[in-house]
> 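The structure follows.
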Amino acid sequence: MLINKQSDILPSEITAKEAFENRRTLIKAAGASLLTASGIFTGLVSGSVKAATGRQKINAYAKSKYSTDEKLTPYDDVTSYNNYYEFGTSKTDPSIESRLFKPTPWTVSIEGAVKKNKKIGIEDIYKLTPLEERIYRMRCVEGWSMVIPWVGFPLAKLIQWAEPTANAKYVEFTSLSDDLMMPGQRMNVLDWPYVEGLRMDEAMNPLTLLAVGLYGEMLPNQNGAPMRLVVPWKYGFKGAKAIVKIRFTETMPKTAWMKAGPNEYGFYANVNPTVDHPRWTQSSERRIGGGLFSPRIKTQMFNGYAEQVGQLYSGMDLIKNF
Amino acid sequence: MSDKYIKSLILYIKLLVFLLSLIPLFRLIYLGFNDALGANPIEFVERSTGTWALVFLMLTLSMTPIRQWSGINSFIQFRRMLGLFMFFYACLHIISYLWLDHSFNLNEIFKDIIKHPYVLVGFTAFLLLIPLAITSTKAMMKRLGGRWKLLHRLIYLIGLLAVLHFLWLVKKDLTEPLVYASIFFSLIALRFIYKYRTHFKLSLVRR
């Protein structure tokens, strides 16, 4: 039996979906700022907030010949020890402060030296090309490293779709600027938004990855959801997170870290054990997950990817172009 | 209050301060055994012991101004213990650096020290602490006489180096090292103001 009962709510009284979502965002953001304000107490409430963020499996992805067979850094370490200043400057801040971050809906705009400016939704990016698992070493400029099973696709595939013109010599990546959802941006530790860049041939290299997941799951917020750059032969800071804009340029982009410390952070930032940083030894590194008594390991040229990328820099002075 | 009563009271407070000062160590041991030192436990231990050495440095430097401004001379009796706890945590700090971080690889350690300014100033500060710790006993005080005070003025240089060590170590967010720097300079300033307080008063009277 079908009951066709007249609703007693007027259609005009029903909250529009966008307005409703907007309200939710504001409420969440208010919650997030409360969490920030009570920084030291976040540990106490974290348990209840944790329940709100779900982990989501990625259904299909292929294995890749570019993967290393080294021991993976445990999931908990990969997702709790992060440099992501948009969510705070301590390593443990991002996993706490990003819990209310909303990676969907998400649009990436393609600009600059391209046939036509375009926008693409994250769900269309997922369908652009088959996803792959790439197990890469990641070396941070601070002297620690991880082995992370990313899920993503070669940046080259997106660049082909973007149709850059002959003037495109560099690619610039811009991360989200939103101090409501990214409380770390309320502090001027960097010139927001975060900007990174690659030379065109670096961007087209088959190793250069746009990651949308790790450990077979959707990318956690603290690791750069919904999409981040992974350039395994460069220091970790080159991997722009939460990318909203990809711009093709004729001149070398000015990156956030170059602005912050031009003597410390160069445009290339290739992992190089022979070029030292004023603060950190670059000849060796600490592999995360080894415990209290594990020795450091030797850092390899181009983080061990010299065979694939060495030719990109032939004839270049890597001390000058650090 | 009798002298005897005050003496035993100070003894009890000393015991309490001693036990409280060991909490950071026991916390590390507890976290270590419960696998709760985070993703980078070595960094955690280095940071924690370094921070506590700095905190005890500030506490040591606070005793004189507190004594001066409160007029309660007993505070000075805690200075040595706090100073030695600073040395204790500085030792743990440097052991975790030499052993846990660099597995006593002396070649690498030497390179690390001379190449990186923050390591160099930190290491220098530690070396300067050694003579102060050695000469901290009553017997040494007596033996050195006036020179003891002169030697122990090194603590101001050590404080400066320790603050620089923290400041230069930090990548971008200078908030925390600046807090310690401002506490350090305030403690120095309080000494100067106390020393020249009569001048300040005189100038007030003249007006």
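Excluded from the calculations below are hydrogen atoms, water molecules and symmetry mates; all remaining heavy atoms, backbone and side chain alike, are included. Just so you know, these numbers come straight off a predicted model, no measurement behind them. Letters A, B, ... are given to chains in the order of the sequence lines, protein chains preceding strands, and every chain is numbered from 1.
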> Taking side chain as everything from C-beta outward and backbone as N, CA, C, O, which of these in A:Pro278 sits under 4.5 Å from a heavy atom of chain B? Side chain, backbone, both or neither.
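Looking at A:Pro278, just its backbone touches chain B.
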
> Given a strict heavy-atom distance threshold of 4.5 Å, which part of A:Glu142 is in contact with chain B: side chain, backbone, both, or neither?
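Looking at A:Glu142, just its side chain touches chain B.
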
> Kindly say whether A:His277 contributes a backbone atom to a donor-acceptor pair with the side chain of B:His116 at under 3.5 angstrom?
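Checked: pair present.
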
> Would one find more than 12 heavy atoms of other residues, nucleotides or ligands at under 6.0 Å from atom CG of A:Asp317?
yes

> Using side-chain contact (heavy atoms from CB on, under 4.5 Å), reason through A:Lys91 and B:Asn40 one step at a time and then give a plain yes or no.
CA-CA 10 Å; A:Lys91 295 280 186 299; B:Asn40 195 344; over 6 Å; no

> Is it the backbone or the side chain of A:Val78 that comes under 4.5 Å from a heavy atom of chain B, or both, or neither?
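Interface part for A:Val78: neither.
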
> Shortest non-hydrogen contact from A:Gly291 to B:Pro41?
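Looks like C-CG, 3.7 Å.
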
> Counting only heavy atoms not in B:Arg191 (residues, nucleotides, ligands), do more than 12 fall under 6.0 Å from its CZ?
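Yes, because the 6.0 Å sphere around CZ of B:Arg191 holds more than 12 heavy atoms from other groups.
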
> Give, for atom CD1 of B:Ile42 and atom CZ of A:Arg296, the distance between the pair rounded to the nearest 0.5 Å.
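The CZ atom of A:Arg296 is 8.5 Å from CD1 of B:Ile42, to the nearest 0.5 Å.
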
> Hey, could you give me the CD/OG1 distance between B:Glu176 and A:Thr89, rounded to the nearest 0.5 Å?
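So the CD of B:Glu176 and the OG1 of A:Thr89 are separated by 9.0 Å.
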
> Testing the basics here: between B:Leu100 and A:Arg286, what is the closest heavy-atom pair and its distance to 0.1 Å?
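Result for this residue pair: O-NH2, 3.5 Å.
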
> Which answer fits B:Thr175, side chain, backbone, both or neither, if we ask what part of it has an atom under 4.5 Å from a heavy atom of chain A?
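For B:Thr175, side-chain heavy atoms alone lie under 4.5 Å from chain A.
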
> Does the structure place the NZ or CZ of B:Lys171 under 6.0 Å from the centre of the six-membered ring of A:Trp257, at an angle of no more than 45° from the ring's axis?
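Yes, a cation-pi geometry.
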
> Heavy-atom distance under 4.5 Å to chain B: side chain of A:Asn83, backbone, both or neither?
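When you check distances to chain B, only side chain atoms of A:Asn83 fall under 4.5 Å.
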
> Quick check for you: among A:Pro74, A:Ala260, A:Ser80, which has the greatest number of heavy-atom pairs under 4.5 Å with chain B?
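Most heavy-atom pairs within the cutoff with chain B belong to A:Ala260.
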
> For B:Val170, is it the side chain, the backbone, both or neither that has a heavy atom under 4.5 Å from a heavy atom of chain A?
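Interface part for B:Val170: backbone (N, CA, C, O).
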
> When rounded to the nearest 0.5 angstrom, what is the spacing between CG in B:Asp112 and CH2 in A:Trp280?
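Going from CG on B:Asp112 over to CH2 on A:Trp280, the span is 12.5 Å.
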
> Might you point out which heavy atoms bring B:Lys115 and A:Asp276 nearest each other, and give the distance in Å?
CD-OD2, 3.0 Å

> What do you reckon, is CD of A:Gln56 surrounded by more than 12 foreign heavy atoms closer than 6.0 Å?
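Check fails, neighbour count at 12 or below.
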
> Measuring heavy-atom distances to chain A, does B:Trp99 have an atom under 4.5 Å in its side chain, in its backbone, in both, or in neither?
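Only the side chain of B:Trp99 comes within 4.5 Å of chain A.
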
> Using non-hydrogen atoms and a 4.5 Å limit, figure out which bit of A:Arg279 sits close to chain B: side chain, backbone, both or neither.
both

> More than 12 non-hydrogen atoms from neighbouring residues, nucleotides or ligands closer than 6.0 Å to OH on B:Tyr12, yes or no?
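No, OH of B:Tyr12 has 12 or fewer neighbouring heavy atoms, counting only those of other groups under 6.0 Å.
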
> Please classify the contact of B:Asn105 with chain A as side chain, backbone, both or neither, using a heavy-atom distance under 4.5 Å.
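Contact with chain A is absent: no heavy atom of B:Asn105 under 4.5 Å.
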
> Using a cut-off of under 4.5 Å for heavy-atom pairs, which of A:Trp144, A:Phe293, A:Tyr81 has the most such pairs with chain B?
A:Tyr81

> Does atom CG of B:Asn34 have more than 12 heavy-atom neighbours from other groups under 6.0 Å away?
yes

> Need one label for A:Met146: side chain, backbone, both or neither, based on atoms under 4.5 Å from any heavy atom in chain B.
neither

> Counting only heavy atoms not in A:Ile319 (residues, nucleotides, ligands), do more than 12 fall under 6.0 Å from its CD1?
no

> With a 4.5 angstrom heavy-atom cut-off, which part of B:Lys111 approaches chain A: side chain, backbone, both or neither?
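For B:Lys111, there is no contact with chain A at all, as no heavy atom is under 4.5 Å.
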
> Would you mind checking which part of B:Leu174 comes under 4.5 Å of any heavy atom in chain A, side chain (CB onward), backbone (N, CA, C, O), both or neither?
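Neither part.
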
> What part of A:Ser283 is in contact with chain B, defined as an atom under 4.5 angstrom from a non-hydrogen atom: side chain, backbone, both or neither?
side chain

> Just verifying a value: how many Å separate B:Glu108 CD and A:Lys298 NZ, rounded to the nearest 0.5 Å?
5.5 Å

